[in-house]
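Here is the structure we will look at.
To find a chain, count down the sequence lines: A is the first, B the second, and so on, and within it residues start at 1.
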Amino acid sequence: MDQHYDFARIEQKWKKYWEEEDLYKVHIDPGRPKYYVLEMFPYPSGELHMGHIRNYSIGDVVARFHTMKGYNVLHPMGWDAFGMPAENAAIERGIYPAQWTASNIASMHRQQQEFGLSYDWDREVATCHPDYYRWTQWLFLLFYQRGLAYKHKAEVNWCPSCQTVLANEQVVSGNCWRCDSQVVKKELEQWFFRITDYAERLLKDLDTLEGWPESVKIMQANWIGRSEGAEIIFPIKGRDDTIKVFTTRQDTIYGATYMVLAPEHPLVMDFVRGTKREEPVQRFVQEAIRRRGETVDPEELGKEGIFLGAYAINPFNGEEIPIWVADYVLMEYGTGAVMGVPAHDDRDFEFTDLHGIPKRIVIMPEKGAPIPEEMSEAYAADGYLVNSGPFDGLAVKEAQEAIADYLEEKGIGRRAVSYKLRDWLVSRQRYWGAPIPIVYCDHCGVVPVPMDELPVMLPEKVVFKPGTISSLAHMEDFVHTTCPQCGGPARRETDTMDTFICSSWYYFRYADARNEEAPFGKEAVDYWLPVDQYIGGIEHAVLHLLYSRFFTKVLYDAGLVKCQEPFTRLLTQGMVIKDGHKMSKSKGNVVTPEEIIGKYGADTARLFTLFASPPERDLDWSDQGVEGAWRFLNRVWRLVHNNLDVFQEKELNAPATTGFADKNLRYKLHDTIKRVTEDVEKRFGFNTAISTIMELVNEIYRYRDQLAGKELNTALLRESLEKTILLLAPFAPYLTEELWHTIGYGDSVHRQRWPDYDEEALIQEEVQIVVQVNGRLRERIRVPVNLPQEELEERALGLERIQGLTAGKEIVKIINVPGRLINIVVK
RNA sequence: GCCCGGGUGGCGGAACAGGCAGACGCACAGGACUUAAAAUCCUGCGGUUACUAAAAUAACCGUACCAGUUCGAUUCUGGUCCCGGGCACCA
């Protein structure tokens, strides 16, 4: 017999069989519990990499396991197909983005099928198909109708390399998330989604996501950035208007020694117009705005500012405080104006040191402590109020409440909540995206395209003019249209949608992917959604995952879906690393899925990626480790082939007097079933599940060796081999299918029930007990399971070594952990 | 700076509720099979020391570091160091 199995032949054979059998097609079946497992759909770059394989291998095990467990499993795949690379390819190679994308999809689809992934391909979607983006546009209009989409002129993030704007979430440390170029600020009129309306719910509902990693929830909470505090209205000396500030430390109001406005604040120029300060302030403001657009690191910025010659009046003590403009105050957050409390805020402290503004201490850590003259740093911690008039002596928390109450009573302010989250900028000056379904009519203004006229088709035959912004804007046939309202001439919106919109709802579409009447049918989404298990990279912690949650809540409010959260459980997988770096062409450490398939087959590739590390952690690629996975699969293959006789005999031999070896094997088998089930179901412990199966296989080999030449319990051997195949089926679907048929079955192994373990088999007559003296391991003894405690202690104390260690000493106590150890404490 | 993870043999990792540290795999070493190699199978494999011809055995140390709680700590608590990730003046 060969030492190795012919993976190429086997994998081809069963791939074809599964396709012919429609093995992975699913339909709504209210009689069975559903399970929706989903891997984040990929961008069709044209090639699968190991990160994809890891992602899909995890999802496939989860899907196959639940199918065997009796669930009706939805496991779809599709393509996040709009985006920049297609445009670049078009420019570089003179091929239309639609064609380039379609051929990439075809080749990646083929590679996925090689891997034997259990997708229902009838539900495949591609976001660039009119059948799909029609509904993306429909959803845009739904948002528009609900007042959640609006056009607005604002200072936005601009990536000079991608030649388009970016949402805040898509700027990573000042750089573009996609191309890493430095992002600059630009004033543009753009479409936004009002995600800030949902800030509170997006934050609060994080608590309901018990199946999400804490780290992702914390990242989202930080991104939303909720702060509780107060707005305080300051009158302006000599004028009728007022300035409103937002603060989280209203308790420090008596320590406010100045006020600062953001450079963009409308009052800034108002204060200095026509005065000698106008020119320097103007210069300062322009410079501040320019620098803000360029500089990445706030440390480099320092704290520049300039006095405006005006004074605000502290409504609590009537004190006049100077009003400054400074670059460290942001117009977009709070009210764009801050009360400066240098003694109790690090930034204000630094600013006043620089510009010679006095500090006043109003919080002391202890009651009655002497108030120091000098401070070396701001005191931002807890304490008690001083120098604060009627509020003296209150603790910080109490003062915050008391002062908020006072503000509201006197009508000079109110409690307020501020968020760091900004509205989602969704327009992009790119061709390869879903057109925004809006027209501009000279007569009627902004007019949405009627829903029944969708899709607004993206012209496929595009010509890219280098250096121009959006190619769509140059396509006269596209731009010129008629107004849906008055029928007069109108222009189309030429910006397209952020591709994150397309990916914010695809998991709903899978439930009803071929629906031509609606984005999805109610029955289908109510049955399948939410996604029970979502699997993907941590890099989407606040991008795709936040946007999708937002979309789901809007669809919920519109009555289109029943769930308020899209993903019940989330698994964030680690990266695939080789030689200490992420695999990349520039590092020259890339191993392609195709190489591995060619050399060892899909099962080995899957098994290795699952075995080498737990899914959340980074995976260190090791060619030798792959070799080990390959060896193991062959070991299983040989084990079955070497024992084929037990499947051919009709009368199986099960001697009545089963010996220790038999009991031992049967225990191992059922213990393995139990552990593998729990590992996969509860812990995503694929690495330990596989190692447990390896132990079982080793045990079966040992059993054969032990009983070589003796009468075998063929019934037990057969049970062991069959169940080993079943346990391995989700991990190595091709090999196990082959073996399942080899041992004589006609149906697919992937239609079998997951094995249950037999409690009886797990009952042991003897256990090993560890004997410790003063917590140090000294002996191990085997005793009957139900040996009474006194007898166990007696036996332990009677052991020669233990006697030697306890002789002449006082036994203080004996700790007994049933079934595990006893610890004799002596003095 | 703030907020999260993580640190266990030569390597990837295991130890699930405070109870045998190092499962499983890789690498390595020795042996079997072979004319030979590959493949396969078997055995060993954290460190130090003692004893010994060798094996066996035993003691001590050991889960980044320092304290603490406990009969007992990789696991819990406090502090320190290092590595990785997120945020970026958010008042």
Q.
Please report the distance, rounded to the nearest Å, between CD1 in A:I815 and P in B:A73.
A. 12 Å
Q) Under 3.5 Å, is there an N or O donor on one side and an acceptor on the other linking the side chain of A:Q624 and the base of B:G25? A) no
Q.
Over all strands shown, is A:G628 touching base, sugar-phosphate only, or nothing at heavy-atom distances under 4.0 angstrom?
A. sugar-phosphate
**Q.** Touch class at under 4.0 angstrom, heavy-atom based, for A:L821 against every strand present
**A.** base
Q. Base, sugar-phosphate, or nothing: which does A:V812 touch, judged by heavy atoms less than 4.0 Å apart?
A. nothing
Q | Gap between atoms CZ and P, on A:F349 and B:G1 respectively (whole Å) | A | 17 Å
Q: Pick base, sugar-phosphate or nothing for A:R226, based on heavy-atom distances below 4.0 Å to the nucleic acid.
A: nothing
(Q) Classify A:R820 by what it touches in the nucleic acid, base, sugar-phosphate, or nothing, heavy-atom distance under 4.0 Å. (A) sugar-phosphate
Q: May I have the distance from A:K420 (atom NZ) to B:C87 (atom P), rounded to whole angstrom?
A: 11 Å
Q) Are any of A:R635's side-chain N or O atoms less than 4.0 Å away from OP1 or OP2 of B:C41? A) yes
Q | Side-chain N,O (A:R776) to OP1/OP2 (B:C61) below 4.0 Å | A | yes
Q.
Has A:D671 got a side-chain atom pairing as donor or acceptor with A:Y667's backbone, closer than 3.5 angstrom?
A. no
Q. When you check the gap from the basic side-chain N to the acidic O, do A:D348 and A:K359 get nearer than 4.0 Å?
A. no
Q. Checking all strands, does A:S622 fall into the base, sugar-phosphate, or nothing category for heavy-atom contacts under 4.0 angstrom?
A. nothing
Q. Which way is the base of B:G9 turned, syn or anti, if we draw the line at 90° from 0?
A. syn
Q. For the pair made of CG in A:D346 and P in B:G1, what is the distance, rounded to whole Å?
A. 12 Å
Q: Could you tell me whether the phosphate oxygens of B:A39, OP1 or OP2, come under 4.0 Å of any side-chain nitrogen or oxygen in A:N634?
A: no
Q: Would you kindly give the CG-to-P distance between A:N222 and B:C4, to the nearest whole Å?
A: 8 Å
Q: Please state how far atom CG in A:D345 lies from atom P in B:G1, giving the value in whole angstrom units.
A: 17 Å
Q) Is there a side-chain polar atom (N or O) of A:R631 under 4.0 Å from OP1 or OP2 of B:C26? A) yes
Q: Respond yes when some side-chain nitrogen or oxygen of A:R683 is under 4.0 Å from OP1 or OP2 of B:A15, and no when none is.
A: yes
Q. With ring centroids as reference points, do A:F611 and A:F632 lie under 6.0 angstrom apart?
A. no
(Q) Whether the side chain of A:D382 engages the backbone of A:V396 through a donor-acceptor N/O pair (distance < 3.5 Å, no angle test) should be reported. (A) no
Q: Tell me, with the steps shown, if A:W621 and A:I596 meet side chain to side chain contact (heavy atoms under 4.5 Å, CB included).
A: CA-CA 12 Å; A:W621 187 268; A:I596 301 304; 3.8 Å; yes
(Q) Side-chain N or O of A:R638 versus OP1/OP2 of B:C41: is the shortest distance under 4.0 Å? (A) yes
Q) So what does A:N823 touch, heavy atoms closer than 4.0 Å: a base, only the sugar-phosphate, or nothing? A) base
Q. For the base of B:C20, is there a side-chain donor-acceptor partner from A:Q768 under 3.5 Å away?
A. yes
Q: Figure out the CD/P separation between A:Q706 and B:C42, and round it to whole Å.
A: 12 Å
(Q) Suppose we call a contact any N or O donor and acceptor under 3.5 Å apart; does that hold for the side chain of A:K682 and the base of B:C16? (A) no
Q: Name the nucleic acid region contacted by A:V825, choosing base, sugar-phosphate or nothing; use a 4.0 angstrom heavy-atom cut-off, strictly under.
A: sugar-phosphate
(Q) Over all strands shown, is A:Q772 touching base, sugar-phosphate only, or nothing at heavy-atom distances under 4.0 angstrom? (A) base
Q.
Does atom CD (A:Q803) have a neighbourhood of more than 12 heavy atoms from anything else shown, all under 6.0 Å?
A. yes
Q | Spacing of A:F611 atom CZ relative to B:A14 atom C1', expressed in whole Å | A | 10 Å
Q: Identify whether any heavy atom of A:S227 sits under 4.0 Å from a base atom; if not, whether one sits that close to sugar-phosphate; answer base, sugar-phosphate or nothing.
A: sugar-phosphate
(Q) Aromatic contact between A:F500 and A:W424, with the criterion being ring centroids under 6.0 Å apart: yes or no? (A) no
Q) Which part of the nucleic acid, if any, lies within contact of A:N698, taking any heavy atom under 4.0 Å across all strands shown: a base, the sugar-phosphate backbone alone, or nothing? A) sugar-phosphate
Q.
Distance check, C1' atoms only: B:G46 and B:G79, in whole angstrom units.
A. 29 Å
**Q.** Side-chain N or O of A:R778 closer than 4.0 Å to phosphate OP1/OP2 of B:A59
**A.** yes
Q: Could you check which nucleotide pairs with B:C71 in any of the strands shown, counting Watson-Crick or G-U wobble with both distances under 3.5 Å?
A: B:G19
